[in-house]
Amino acid sequence: MAEQERLRPLVLPQGITARDVHLVAGVDVAYAKDESIVAGAVVVLDAHTRHIVDSASASRPVDFPYVPGLLAFRELPALLDALAALHTRPDAVACDGYGTAHPRRFGLACHLGVVTDLPTFGVAKTAFIGEYEQPGPQRGDRSQLTDHGETIGHVLRTRPGTRPVFVSTGHRIDLDTATQLTLALTADHRLPETTRHADRLSRQVLADRLGHG
DNA sequence: GCGACAG
DNA sequence: ATCTTGTCGC
């Protein structure tokens with residue numbers, strides 16, 4: 001009995017597959033122009049209808065500078081507060097940034113996943129590390145993002161005529177599943193609906209807080 | 001040493 | 001990220 005309790009945390013977390021995802025959340029943050037306040041937002045969508053099921057937010061003083069590679073220390077506090085205020089438990093979380101495609105293989109998405117034990121993945125808008133060939137022009141076309149011969153992500157075309165996004169694994173999910181989910185969350189725009197909603201909400205929350213003193 | 005560098 | 005005007009296109 002006591003033995004089981006000690007061993008449980010050592011069991012490898014089970015990874016999910018796309019069919020396990022019914023509720024998918026998106027997270028993002030917005031900063032005041034002077035970088036004094038950060039607002040975090042999380043929006044949960046029905047993975048198939050892409051309708052909003054739940055959402056929450058939080059704002060607080062910024063307490064860590066922007067340092068490439070250390071984004072989690074700057075954004076996680078607000079995101080964790082927002083997630084704690086959620087009334088729903090998402091099956092997966094799409095992050096605005098990188099997961100494994102990180103200098104230390106532990107970007108924001110990995111950090112958030114480990115702390116919350118939620119499956120997570122990252123969808124970044126611009127390159128960070130690694131090398132890649134430009135993916136094909138059609139939606140769904142992808143190329144490998146590699147670093148020292150290791151595949152660390154996918155450069156994915158989510159929409160024709162726009163720049164590709166950079167998908168990487170976060171926690172308890174594999175790259176192909178993360179890529180599948182990213183495509184499932186995009187249709188009319190380059191970025192996933194999850195992050196688009198979270199981005200909008202975080203800006204609104206920030207504006208409200210700034211406006212109300 | 002110099003440049004690059006998610007958000 | 002945020003600042004910042006107009007502009008090209010669906």
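Numbers restart at 1 for each chain; the letters A, B, ... are given by sequence-line order, proteins then strands.
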- Item | Near-parallel close stack of A/Tyr66 and B/dG7 base (under 5.5 Å, under 30°) | yes

- Item | Value in whole Å for how far the P atom of B/dA6 lies from CG of A/Leu112 | 19 Å

- Message: By the 4.0 Å heavy-atom rule, please label A/Leu70 as base, sugar-phosphate, or nothing.
- Response: base

- Message: It should be established whether A/Thr126 places a side-chain nitrogen or oxygen under 4.0 Å from OP1 or OP2 of nucleotide B/dC5.
- Response: no

- A/Phe128 CZ - B/dC5 C1' separation (whole Å): 6 Å

- Task: Write down the distance between CZ (A/Arg159) and C1' (C/dG9), rounded to a whole number of angstrom.
- Result: 11 Å

- Going by atom types alone, do A/Thr158 and A/Arg190 pair a side-chain donor with an acceptor below 3.5 Å? no

- Distance in angstrom units between A/Asp34 CG and C/dT2 C1', rounded: 10 Å

- Any chain of hydrophobic side-chain contacts (each under 4.5 Å) joining A/Val27 to A/Val53? yes

- Query: Could you give the CG-to-C1' distance, from A/Leu156 to B/dA6, as a whole number of Å?
  - Reply: 17 Å

- With respect to the side chain of A/Pro68, which nucleotide from B/dC5, B/dG7, C/dC3 is positioned closest? B/dC5

- Task: Quickly work out the A/Glu75 CD to C/dT2 P distance and round it to whole Å.
- Result: 10 Å

- Task: Determine, using ring centers only, whether A/His171 and A/Phe121 are less than 6.0 Å apart.
- Result: no

- Query: What is the nucleic acid contact for A/Leu108, judged by heavy atoms within less than 4.0 Å: base, sugar-phosphate only, or nothing?
  - Reply: base

- Answer yes if the ring centres of A/Tyr132 and A/Phe166 are under 6.0 angstrom apart, and no otherwise. yes

- Message: Tell me the interatomic distance from A/Asp147, atom CG, to B/dA6, atom P, rounded to whole angstroms.
- Response: 15 Å

- Message: Classify A/Gly122 by what it touches in the nucleic acid, base, sugar-phosphate, or nothing, heavy-atom distance under 4.0 Å.
- Response: nothing

- Query: Touch check for A/Ala30, heavy atoms < 4.0 angstrom, all strands: base, sugar-phosphate only, or nothing?
  - Reply: sugar-phosphate

- Calculate the interatomic distance between A/Leu191 atom CG and B/dG7 atom C1'; express it in whole Å. 13 Å

- Side-chain N,O (A/Lys125) to OP1/OP2 (C/dA1) below 4.0 Å: yes

- Over-ring placement of A/Arg74 relative to A/Tyr31, 6.0 Å and 45° cut-offs: yes

- Message: On the nucleotide C/dT2, are OP1 or OP2 found under 4.0 Å from the side-chain N or O atoms that A/Arg203 carries?
- Response: yes

